[in-house]
Number of protein chains: 2
Amino acid sequence: MAADRDRSWSPPTISEVAAEAGVGRASAARTLGGYGYASPELRDRVLAAAEKLGYRTNALARSMSTGISHTLGVIVADIGNPFFAGVVRGISDTSRARGFDTIVLSTHEELDEEKAAIGVLVDKRVDGIIIASAALGRDAVDHITGTVDRGVPVVLLDRAIEHLNLASVVTDNREAARRAAELFIQNGHRRIGFIWGPATTEPVTTRRELSAATSNNLWSDGERLRGYLDALDDAGISFDPALVMTEEKTEENATHSVARMLDLPAPITAILCSETDATTGALRAVRASGLRYPDDVSIIGFDDSSWAAVMDPPLTMIEQPMLELGNRAAEILLDEIDGGNQTQLMHTLESRFIERSSVTGPPPLRSRNP
Amino acid sequence: MAADRDRSWSPPTISEVAAEAGVGRASAARTLGGYGYASPELRDRVLAAAEKLGYRTNALARSMSTGISHTLGVIVADIGNPFFAGVVRGISDTSRARGFDTIVLSTHEELDEEKAAIGVLVDKRVDGIIIASAALGRDAVDHITGTVDRGVPVVLLDRAIEHLNLASVVTDNREAARRAAELFIQNGHRRIGFIWGPATTEPVTTRRELSAATSNNLWSDGERLRGYLDALDDAGISFDPALVMTEEKTEENATHSVARMLDLPAPITAILCSETDATTGALRAVRASGLRYPDDVSIIGFDDSSWAAVMDPPLTMIEQPMLELGNRAAEILLDEIDGGNQTQLMHTLESRFIERSSVTGPPPLRSRNP
DNA sequence: CTGTTAGCGCTTTCAA
DNA sequence: TTGAAAGCGCTAACAG
């Protein structure tokens, strides 16, 4: 039916529709744009003409004159990461329901890419930005404050930036980690490994040094570590730097670190993993050491997955409310765009503790080389 | 520094920069837009003024006059699905490298949402669209052809639409499934379950009926099934409808179906799973039946995951080149936008067969209730 | 090399 | 109730 479309075809404009319908542009624009008045008969003529010509509104032109683009910008480290993918799905669903589309940019956890990404979004005149910033403790965040200053609303996602005074939507990282560590402790564990802590090349032998390293860490990771330390403190267990991984955060390093911790004179009997890669890395080390969980080591990991449930034995995990995180972030941003005043700044969603079978008491007596 | 920004502040335009620099708009536009000539001195003045005013180009306005938006539209069933998330990451990376951003829409596998999504993208004047269509065999695809007719290039992703004559980027589903089934057969299996086949409420008792149902299936799923049947045919194993799941595709149904197949008078001894949820569902059934893999049943699944490698025993899987799928789709689309003529229509990427330890020979003798 | 001018397609006063 | 005209910020053709 549209087979006869010319090669130099260009989409019909409101003027063409108006001409076809024999009315003025403005009238056509009013009925097509859904604003202002138009008599039923005129309306019908316009609609018919539009239909006939295959008219589609040009959102760009509309944005130009209205100044609003009905588009949200989303910046995450990696859209390929299941966690962020889930969050983006949440953002996407609720913004779509409110008439907004999203353009999402991945920064690969690089601050420079993040700055560029913000630039792109600002240039494209998005109506607001949701960002899981790659900024570490000491990093400057002018690119974010600058954006807010330009009048573009920003909400922080998953990673808060403490002094920034911006709405943030996060999960209860600290509480969740603490709860996991407490479960270990209740089960009698005192040597609990934490994968992973802040990546640093500096030696970390004191708690003060750990603190210092953490302050230059991703906020969410730092919170998780703090929760772990909280539990230790409450139980009067002294902090042992050998039990916190400080290598770069990769699955492979997790494996190495756990192997080392398992091989200590006083080996770990439990492992708290702060991410999927940390968990799978730890699992590899346990297996390679010829040990089994939970009998030899108990395990809890962040970020549940359908796989964790079919492991043998199934893993006790901490599930993050990814969709809800996205939903909330979008809602808050959209409300702000609609002119609503933000009352609450920090929105903390509860993660779900899923107890399965990877936690039990420490082995009665285990020495390095029996 | 920008603390004194007025509440009714509006971003500086090229005219303002020109005024500040004391030059004509066009000259300012030329240096800021990076086209045309400008003397070094004039250039410097403009740049300085732009810097001072905090000028950022308005991409909307630019798109209005150039007619190109430097934006790609991406339509997938669910951005929260790790497979699509990986693909989108690939698209995003390569298009970003070529100066394009992507707006991605999830359809939840609903054709109506897909149509709406295309409408949105067309309205936003994206320069091209990459789509993993939810269209099943018999569904009309006017929304896609219509888009092409409007002059918007489209490339099909992961799911080809046979008669459509559009560039498609897919994986070698059929070959991969066939290879998996062949491995089972080489190991001596003859009762191989397939999770999952086409969802249908019609009874499927003959191969013809299966075919019919498949023709109303998602293309990629159909290909996988065909590969399975290819292997059976080659080995002279007759098709048994009881070994192909035709329930709605959910993890739970996979569990039920596998449980049933395991409970048959002549039970299955191997399972081919066409998706992650199918695999985890199957695993649950195996466990619930008190059986173990690979001794009692062999298993191969599509879509590798770091979890599959840490299962005990580790799972033999078929890995899809998600990133590459995205990269290629973007490259092809971008080339087409740049005016390149598409020579090849079907681009088939190889999936990677990762042999681990979930396949062995069938159990010597296994009866339903020993 | 630089400045003037005319659109891009829409919304939005403002008259009629 | 409808139409004419101005303008959103930019690019592009054309003079100077």
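This one's a predicted model, so the numbers in the text were calculated from it and none came from an experiment. Only this structure's heavy atoms are used, side chains among them; waters, hydrogens and symmetry mates stay out. Residue numbers begin at 1 in each chain, while the letters A, B, ... track the order of the sequences.
- Using a 4.0 Å cut-off between charged side-chain N and carboxylate O, A/D142 and A/K115 make no salt bridge.
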Check: residues 18-35 of chain A side-chain donor-acceptor pairs under 3.5 Å, at least two apart:
unit_1: A/E20; atom_1: OE2; unit_2: A/K52; atom_2: NZ; d: 2.8
unit_1: A/R25; atom_1: NH1; unit_2: A/S15; atom_2: OG; d: 2.8

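- Candidate nucleotides D/dT2, C/dC10, C/dT2 were compared by shortest atom distance to the side chain of A/Y55, and C/dC10 ranks first.
- Taking 4.0 angstrom as the limit, A/S27 places a side-chain polar atom (N or O) nearer than this to OP1 or OP2 of D/dG3.
- Rounded to whole Å, the distance from CG on B/N58 to C1' on C/dC8 is 13 Å.
- One can place CD1 of A/I14 at 15 Å from C1' of D/dT2, the figure rounded to the nearest angstrom.
- Using a 3.5 Å distance cut-off with no hydrogens or angles, the side chains of A/K124 and B/T71 do pair a donor with an acceptor.
- Both B/R25 and B/M64 lie near DNA chain C, and the one whose nearest nucleotide falls closer to the 5' end is B/R25.
- Going from atom CD of B/E16 over to atom C1' of D/dC8 covers 13 Å, rounded to whole Å.
- Rounded to whole Å, atom P of D/dG16 lies 20 Å from atom OH of B/Y37.
- A distance of 13.0 Å separates CD1 of B/I118 from CD of B/E113, quoted to the nearest 0.5 Å.
- Distance, A/D123 CG to D/dT11 P: 11 Å, rounded to whole Å.
- What separates CG of A/L60 from C1' of C/dT11 is a distance of 15 Å, to the nearest Å.
- The residue B/A59 sits apart from the nucleic acid: no heavy atom pair falls under 4.0 Å.
- Nearest to the side chain of B/R30, among D/dT2, C/dC1, C/dG3, sits C/dG3.
- Dashed line: the shortest gap from a side-chain N or O of A/Y35 to OP1 or OP2 of C/dT12 is not under 4.0 Å.
- Salt-bridge annotation for A/D93 and A/R98: absent, with no side-chain N of the basic residue lying under 4.0 Å from a carboxylate O of the acidic one.
- Between B/R159 and B/E109, at least one side-chain N (NZ, or NE/NH1/NH2) sits under 4.0 Å from a carboxylate O, which counts as a salt bridge.
- Remark: C1' of C/dC8 and CZ of A/R56 are 19 Å apart, rounded to the nearest angstrom.
- One end of the helix from C/dC1-D/dG16 to C/dA16-D/dT1 points its axis 40° away from the other end's axis, with each axis taken from 5 pairs and the angle rounded to 10°.
- A salt bridge (Lys or Arg N to Asp or Glu O under 4.0 Å) check over residues 60-70 of chain B, counting only residues at least two apart or in different chains, returns nothing.
- OP1 or OP2 of D/dT2 lies within a sub-4.0 Å distance of a side-chain N or O belonging to A/S39.
- In the set D/dT11, C/dG9, C/dG3, the nucleotide with an atom closest to the side chain of A/S65 is C/dG9.
- Note: CZ (B/R62) to C1' (C/dG7) measures 17 Å, nearest angstrom.
- Here the side chain of A/A29 is nearest to one of C/dG9, C/dT11, D/dT1, namely C/dT11.
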